Student: 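Let me begin by handing over the structure; questions about it come next.
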Amino acid sequence: MTPPDVAAASPRNPAPRGQAPHDAGALDRAIDAARERLLARQHPDGYWLYELEADCTIPAEYILMLHYLGESEPLLESRLAEYLRTHQNADGGWSLYPGGALDVSCSVKCYFALKLAGDRIDAPHMHRARAAILKAGGAARSNVFTRIALALYGELPWRGVPFVPVEIVLLPRWFPFNLSKVSYWSRTVMVPLSVLTTLKPRAANPRNVHIRELFVTAPDEERHYFRPRSLLNRVLFVAEEILRRFEPLIPRRLRAHALRKAERWILERRNGEGGLGAIFPAMVNAYEALALLGYPAGHSARRETRKAIDDLLVVHDRDAWCQPCVSPVWDTGLTCLALQEDGGAPDAVRRALDWLAARQLLDEAGDWREYRPALPGGGWAFQFRNDAYPDLDDTAVVARAMHQSDDRARFGHAIGRAADWLAGMQSRNGGFAAFDADNDHHWLNQIPFADHGALLDPPTSDVSARVLLLLSLLDRPQDRAVRERVLAFLRREQTPEGAWFGRWGTNYIYGTWSVLAALNAAGIGNDAPEMRRAVAWLKSVQQADGGWGESNDSYADPHLAGRGEKSTACQTAWALLALIDAGAAASPEVARGIAFLLRTQSDGEWRDHPFNAPGFPRVFYLKYHGYSRYFPFWALVRYRNVIARREH
């Protein structure tokens, strides 16, 4: 089977005929400049790491954490506050991504953080923020996570947050709700959070800062903290309130047992200086829970957790912000694929693959083993370290890069273990999720705690496509049934318009690129109906400037699929790679897309302003700063390779 990086040379993907629409010298210079910038960013150890930016909730929560614990870091707080001020919207609030609508939860946390950092409430920016929040319904309309933070500060009563008793850690697998039925990110957030919601501490808040001015109705008088989302949600809310009334009857010994088990759960997965789950919200909850459980600041568990949190900070002279996590394995794997397409830096790729090989998770304990106890490990995590939580997306990308390397035989064992693990993680419906198998108990998204709608980790088109791509490249007989089932899953997931939803990248452009690459590797012909429909859709959403651009608004409104106010370099690259994989390299749409990338390159790089991925659709979004570096380079190289094959 031909790798998709080379697949454009196959009979299904003929090179463009006629005169090349772009000056070869300009194309070569752009590629050389981009390659030089990529190589300059490689760490001496062999990996690549670009910043991963989220909305203002994360830096605001860092300030809230400091004041919850009674700590003070004036210089850092002033820089974080400056970041929050500069990202305030014209309407006075804060959004989840640039150009998005005001998000009341994010805005409440930002206002609170600024007030904690010393901003006066009569300052113009605070006045505008307060007016915008009150217009949106006030702090009582915040989501569950914001209301829990406010309850910890005493800003609203505990009846205003969901009932999350620590006894959830004791629930067996057969119970309708248990930890193994929710996603890894939900698990790592909920367990330490349940310690906090059970013991109900009060933030130190040394400056005695409060935000009662953000409530339309006084918090103690507010009776509508929960708005029913469905009939099932209403029923579950009533059931939860009944359980809350019986909390005083929970035996002390049972509660103490549950607290000890939660403590052990956190300590077993705290991941050293990688932090619990290697994600900011879980780390902060764990840090605060450990303090509440009596661990002193100098204890290794707290010290390492705090270092994991502080390692996420990005500090500049004037401002600072906090990343939700780091992405070295993902950035390194994708950069390797782009450089392999180019072939101009074999030593850099070799060093990167050696770095990756040392981080494969083989025999480590992991929550995924709950449902796959006999399956040998073989995955990679997204971060530097996240031993309990390897993910399928990173694993498929890294194993693919190893398979495509000049030194493939040296990585044979690693590739085989990765493929075996991936095949064993297939869900019942034929698809693949990011971290778990069969994590699709969708009714759980109706519990009061899950107002964010992201409690689960169900199979998705983009992850499923990357697994199919790898297994197609390997072409192992034992994977044939797995490949047939995932191919059927992807065909079912295609929209009537011809696109695929992008769970981990924005949005339908990303999903469609992911799937077309996999279909090409799987040997699906360009004349197949699913390929033709996808190509027609991609062409239909090309922007007037020749690029492609899709807003995160499409997660709330699917009618906006593939559309946005402006083109971006990374989304243009995804569309180009997809069209070339689908045999449309000779199309005028591809020529115009290449022209867009050549025109918008600056100093060997591209700089996109919009966020380009969801952490959780509709509630949390990200900007991978590396996407505008390696994806456009990849697309230009792929296109040049097609031209070269035509000339020969």
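Please read these numbers as outputs of a predicted model, since none were measured by experiment.
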Student: Within the side chain of D391, is there an N or O that forms a donor-acceptor pair under 3.5 Å with the backbone of A434?
Tutor: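 No; judged by distance alone, with no hydrogens or angles, the pair does not exist.
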
Student: Kindly compute the distance separating OG1 (T506) from NZ (K623), expressed to the nearest 0.5 Å.
Tutor: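 So the gap between those two atoms works out to 12.0 Å.
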
Student: Parallel under 30°, tilted from 30 to 60°, perpendicular over 60°: which one fits the rings of H299 and Y295?
Tutor: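 Perpendicular, since the angle between the ring planes exceeds 60°.
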
Student: Quiz question: by atom type and distance under 3.5 Å, do the side chains of R485 and Q426 form a donor-acceptor pair?
Tutor: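 Result is yes, a qualifying pair exists.
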
Student: Which heavy atom of M425 sits nearest a heavy atom of R372, and at what distance?
Tutor: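 Reported closest heavy-atom pair: SD-CG, 3.9 Å.
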
Student: Can a salt bridge be assigned to the pair K307 and D311 using a cut-off of 4.0 Å between side-chain N and carboxylate O?
Tutor: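 A salt bridge is present here (some side-chain N lies under 4.0 Å from a carboxylate O).
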
Student: Name the orientation class of the two ring planes belonging to W574 and Y510 (parallel below 30°, tilted from 30 to 60°, perpendicular beyond 60°).
Tutor: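 Taking Y510 first and then W574, their aromatic rings stand perpendicular (interplane angle over 60°).
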
Student: Please find the pair of heavy atoms, one from Y50 and one from Q323, that lie closest to each other, and give the distance.
Tutor: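 Nearest heavy atoms, Y50 then Q323: O-OE1, 4.3 Å.
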
Student: Aromatic rings Y621 and Y97: how do their planes relate, parallel, tilted or perpendicular, breaks at 30° and 60°?
Tutor: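 Rings of Y621 and Y97: perpendicular, as their planes differ by over 60°.
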
Student: Within the side chain of R359, is there an N or O that forms a donor-acceptor pair under 3.5 Å with the backbone of W355?
Tutor: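 Yes, the answer is positive, given that a donor and an acceptor are paired below the 3.5 Å cut-off.
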
Student: Name the orientation class of the two ring planes belonging to H43 and Y47 (parallel below 30°, tilted from 30 to 60°, perpendicular beyond 60°).
Tutor: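 The rings of H43 and Y47 lie parallel, inter-plane angle below 30°.
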
Student: Quick one: are T197 and F449 in side-chain contact, heavy atoms under 4.5 Å?
Tutor: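 Answer no - side chains too far apart.
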
Student: Should F501 and E493 be marked as a side-chain contact (heavy atoms from CB on, under 4.5 Å) after you check the CA-CA gap, both sets of side-chain angles, and the distance that decides it?
Tutor: CA-CA 8 Å; F501 178 78; E493 290 292 301; 5.9 Å; no

Student: Can you list the steps and then say if E530 with Q494 is a side chain to side chain donor-acceptor pair (under 3.5 Å)?
Tutor: CA-CA 8 Å; E530 59 266 38; Q494 190 174 25; over 6 Å; no

Student: Counting heavy atoms not belonging to D407, are there more than 12 under 6.0 Å from its CG?
Tutor: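 It does: D407 CG has more than 12 such atoms within range.
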
Student: Just so I know, are the side chains of T332 and L353 near enough to count as touching, which here means a heavy-atom distance under 4.5 Å?
Tutor: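 When only atoms from C-beta onward are counted, L353 and T332 do not touch, as no gap falls below 4.5 Å.
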
Student: Spell out, as yes or no, whether a donor-acceptor pair under 3.5 Å connects the side chain of S461 to the backbone of W500.
Tutor: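 It does not hold such a pair.
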
Student: Please step through salt bridge (charged side-chain N to carboxylate O under 4.0 Å, His left out) for the pair D581 and R638, ending with a clear verdict.
Tutor: CA-CA 10 Å; D581 269 332; R638 172 76 62 83; 3.3 Å; yes

Student: Tell me the closest heavy-atom pair linking G277 and N386, and the distance in Å.
Tutor: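 It is O-ND2, 3.1 Å.
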
Student: With the side chain counted from C-beta on, respond yes when W321 and I58 share a heavy-atom pair under 4.5 Å apart, and no when they do not.
Tutor: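 Answer no - side chains too far apart.
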
Student: For I415 versus A399, what's the shortest heavy-atom pair and its separation?
Tutor: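 For I415 versus A399, the nearest heavy atoms are CG1-O, 4.0 Å.
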
Student: Return the minimal non-hydrogen interatomic distance between V166 and A258, and the atom names on each side.
Tutor: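 For V166 and A258, the tightest heavy-atom pair comes out as CG1-CB, 3.6 Å.
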
Student: What class does the angle between the rings of W330 and F382 fall in, given that below 30° is parallel, 30 to 60° is tilted and above 60° is perpendicular?
Tutor: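 W330 vs F382 ring planes: tilted.
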
Student: Please test K181 against D436 for salt bridge (charged side-chain N to carboxylate O under 4.0 Å, His left out), starting from the C-alpha separation and ending with a verdict.
Tutor: CA-CA 10 Å; K181 289 185 176 180; D436 285 295; over 6 Å; no

Student: Please test D55 against T57 for side chain to side chain donor-acceptor pair (under 3.5 Å), starting from the C-alpha separation and ending with a verdict.
Tutor: CA-CA 6 Å; D55 62 74; T57 301; 2.5 Å; yes

Student: Kindly indicate whether a cation-pi arrangement holds for R173 with Y371, taking the cut-offs as under 6.0 Å to the six-membered ring centre and within 45° of the axis.
Tutor: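 The answer is yes; both the distance and angle limits are met.
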
Student: How many angstroms lie between atom CZ of R629 and atom CZ of R41, to the nearest 0.5 angstrom?
Tutor: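 Reported value, rounded in 0.5 Å steps: 6.5 Å.
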
Student: Is the number of heavy atoms from other residues, nucleotides or ligands within 6.0 Å of CZ (R492) greater than 12?
Tutor: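 Enclosed: over 12 neighbouring heavy atoms sit under 6.0 Å from CZ of R492.
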
Student: Could you go through F145 and V189, starting from their C-alpha distance and side-chain angles, then the distance that decides it, and tell me whether this counts as side-chain contact (heavy atoms from CB on, under 4.5 Å)?
Tutor: CA-CA 10 Å; F145 293 117; V189 167; 3.8 Å; yes

Student: Give a yes-or-no answer on whether the side chains of R466 and S514 include a donor-acceptor pair shorter than 3.5 Å.
Tutor: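 Note: R466 and S514 side chains meet the donor-acceptor criterion.
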
Student: With rounding to the nearest 0.5 Å, note down the distance linking CG in L456 to CG in D438.
Tutor: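 Nearest 0.5 Å value for the CG-CG distance: 12.0 Å.
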
Student: Hey, which of L469, V467, L473 is the one that makes side-chain contact (heavy atoms from CB on, under 4.5 Å) with L471?
Tutor: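 Among L469, V467, L473, the one meeting side-chain contact (heavy atoms from CB on, under 4.5 Å) with L471 is V467.
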
Student: When rounded to the nearest 0.5 angstrom, what is the spacing between OG in S194 and CD1 in I266?
Tutor: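 Going from OG on S194 over to CD1 on I266, the span is 7.0 Å.
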
Student: Would you say that H452 contacts N143 through its side chain, given a criterion of any heavy-atom pair below 4.5 Å between the two side chains?
Tutor: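 No, too far: nothing below the 4.5 Å cut-off.
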
Student: If you draw a 6.0 Å radius around CZ in R480, do more than 12 non-hydrogen atoms from other residues or ligands fall strictly inside?
Tutor: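 12 or below, so no.
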
Student: Classify the ring geometry between Y627 and Y624 as parallel (under 30°), tilted (30 to 60°) or perpendicular (over 60°).
Tutor: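 Geometry flag for Y624 against Y627: parallel rings.
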
Student: Can any side-chain N or O of W265 pair as donor or acceptor with the backbone N or O of V169 at less than 3.5 Å?
Tutor: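 No, W265 side chain to V169 backbone: no donor-acceptor pair under 3.5 Å.
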
Student: Report the C-alpha distance between D475 and R483 in whole Å, list the side-chain angles of each, state the deciding distance to 0.1 Å, and finish with yes or no for salt bridge (charged side-chain N to carboxylate O under 4.0 Å, His left out).
Tutor: CA-CA 9 Å; D475 198 21; R483 289 160 55 188; 3.0 Å; yes

Student: Start with the C-alpha gap between H413 and Q360, add the side-chain angles, then the distance that decides, and say whether side-chain contact (heavy atoms from CB on, under 4.5 Å) holds.
Tutor: CA-CA 11 Å; H413 179 71; Q360 189 173 24; 5.7 Å; no

Student: Would you name the heavy atoms of L313 and C322 that are closest together and state the gap between them?
Tutor: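 Closest approach of L313 to C322: CD2-CB, 4.0 Å.
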
Student: Using side-chain heavy atoms (C-beta onward) and a distance below 4.5 Å, is V284 in contact with L64?
Tutor: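 When only atoms from C-beta onward are counted, L64 and V284 do not touch, as no gap falls below 4.5 Å.
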
Student: Would you say the side chain of R350 lies within less than 4.5 Å of the side chain of S405, judging by non-hydrogen atoms?
Tutor: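 The answer is no; the side chains never approach within 4.5 Å.
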
Student: Quick one, L179 with I168, criterion side-chain contact (heavy atoms from CB on, under 4.5 Å). Give me CA distance, side-chain angles, the key distance, then yes/no.
Tutor: CA-CA 7 Å; L179 291 175; I168 62 172; 4.2 Å; yes

Student: W368 and ring pair (Phe, Tyr, Trp, His ring centres under 6.0 Å): which single residue from Y184, W421, F435 fits?
Tutor: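 Of the listed residues Y184, W421, F435, the ring pair (Phe, Tyr, Trp, His ring centres under 6.0 Å) partner of W368 is W421.
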
Student: Less than 3.5 Å apart, any donor N or O on the side chain of D331 or Y630 sitting next to an acceptor on the other?
Tutor: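 A pair is found: one side chain offers a donor N or O, the other an acceptor, under 3.5 Å apart.
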
Student: Could you give me the CA-CA distance, side-chain angles and deciding distance for R187 and E370, then say whether salt bridge (charged side-chain N to carboxylate O under 4.0 Å, His left out) is met?
Tutor: CA-CA 13 Å; R187 241 172 278 147; E370 181 79 14; over 6 Å; no

